[in-house]
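Structure, as structure tokens:
Start at 1 and go down the list; that is how both ligands and their atoms are numbered.
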Amino acid sequence: MKKRDRLVRYSAPERINHWIVALCFVFAALSGLGFFFPSFNWLMHVLGTPQLARILHPFVGVVMFAAFLIMFLRYWRQNLINREDIIWAKNIHKIVRNEEVGDTGKYNFGQKCVFWAAIISLVMLLVSGIVIWRPYFAGAFSIPLIRAALVVHSVSAVALIIVIMVHIYAALWVKGTITAMVEGWVPAAWAKKHHPRWYREQRQRQTQQEKRP
Ligand code: HEM
């Protein structure tokens, strides 16, 4: 594909940041499911042994939170909800038929929902995770609080797992999306179809750069 037919979507540091989050998510989610459901106990071996998984799970969670915080600070502005998102949400039946609606910017309403759901569940996982973290912090909290934190931790973990399953499905289902996070670029036709406002902004920027002496 010619250079003109591609648009840069993510730099290398942005992609490394995203894949650190994704890797931590896989380890934390699998080991967490292993602790929670007896039928999934075999998943506790994902980080070596069950004992090691128990020690590493909270540290991996903290790394995931810290790495996602960098993504949050980078992208929160582009994920603010605007009028175009309402049009997108009202026409969700067209979206599932792979039609496009509204003048979408860098992210569509679905992506924005994933973004906000991820930060909310990660904050809840971090706070509840600290309360239940033995042997370091749990001793400082009462038993009823630890019980409540266990519920919050489990519910937000299941919510995040469902949200990320939707995110992965969308990333693979919308043809041309995955190269954005693997190689950093997207086909110009993809951008024009799915993110028309972002496409125009990028083209404008390119033209301005070409005009510069
Ligand atoms: C494990 C497999 C994963 C895959 C295959 C995947 C794939 C992708 C792809 C292709 C994009 C680019 C979408 C675009 O620019 O239009 C993306 C963006 C993004 N991903 Fe993932 N991802 C994964 C896991 C995660 C996890 C675990 C999180 C967070 C907990 C996450 C959070 C994000 C965020 C915040 C963006 C930027 C979009 C936005 O800000 O709305 N991803 N991902």
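Using cut-offs of 30° and 60° for the angle between ring planes, the W42 and F40 rings count as perpendicular.
With ligand atoms numbered from 1 in the order given, ligand 1 contributes 35 (C), 40 (O), 41 (O) to contacts under 4.0 Å with heavy atoms of F115. Of all the atoms in ligand 1, the ones that sit under 4.0 Å from a non-hydrogen atom of F25 are 27 (C). Within ligand 1, the atoms closer than 4.0 Å to a non-hydrogen atom of F68 are 29 (C), 35 (C), numbered from 1 in the order shown.
When atom types are taken as modelled, the side chain of W19 and the backbone of M181 share a donor-acceptor pair closer than 3.5 angstrom. Put simply, the side chain of H195 gets close to the backbone of K106: a donor and an acceptor are under 3.5 Å apart. No donor-acceptor pair under 3.5 Å is formed between the side chain of N79 and the backbone N or O of W76.
For atom 21 (Fe) of ligand 1, the neighbouring protein N/O/S atoms at less than 2.8 Å, given as residue and atom, are H18 NE2, H167 NE2.
Looking at W88 and I95, their side chains come closer than 4.5 Å, going by heavy atoms from C-beta outward. For the pair F72/V123, no side-chain contact is recorded, criterion being any heavy-atom separation below 4.5 Å from C-beta on. Contact of the V152 side chain with the V131 side chain is not registered, since no non-hydrogen atoms from C-beta on lie closer than 4.5 Å.
Ligand 1 has no nitrogen or oxygen under 3.5 angstrom from a nitrogen or oxygen of T177. Between W190 and ligand 1, no pair of N/O atoms sits closer than 3.5 Å.
When all heavy atoms of I146 and A138 are compared, the pair lying nearest together is CD1-O, 3.5 Å. Residue R15 comes nearest to V182 through the heavy atom pair NH1-O, 3.1 Å, listed as atom of the first residue, atom of the second, then distance.
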Worksheet entry | Pair Y10-H18, ring pair (Phe, Tyr, Trp, His ring centres under 6.0 Å): steps then yes or no | CA-CA 10 Å; Y10 297 106; H18 173 270; 7.5 Å; no
Worksheet item: Can you check side-chain hydrogen bond (donor to acceptor under 3.5 Å, both in side chains) on R205 and Q208, steps first, answer last?
Response: CA-CA 5 Å; R205 190 188 290 184; Q208 277 165 3; over 6 Å; no
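The protein heavy atom nearest to atom 38 (C) of ligand 1 is Y107 CE2, 3.4 Å. Of the protein's non-hydrogen atoms, Q111 NE2, 2.8 Å is the one closest to atom 16 (O) of ligand 1. When only non-hydrogen protein atoms are considered, atom 36 (C) of ligand 1 lies nearest to M71 CE, 3.9 Å. With hydrogens left out, the protein atom closest to atom 5 (C) of ligand 1 is W19 CH2, 3.7 Å, a heavy atom.
Note that CD of E210 and OG1 of T207 are 6.0 Å apart. Values are rounded to the nearest 0.5 Å.
Under a 4.0 Å heavy-atom criterion, N79 is in contact with ligand 1. By the 4.0 Å heavy-atom criterion, Y10 is counted among the residues contacting ligand 1.
Looking at R9 against ligand 1, only its side chain comes within 4.0 Å, counting heavy atoms.
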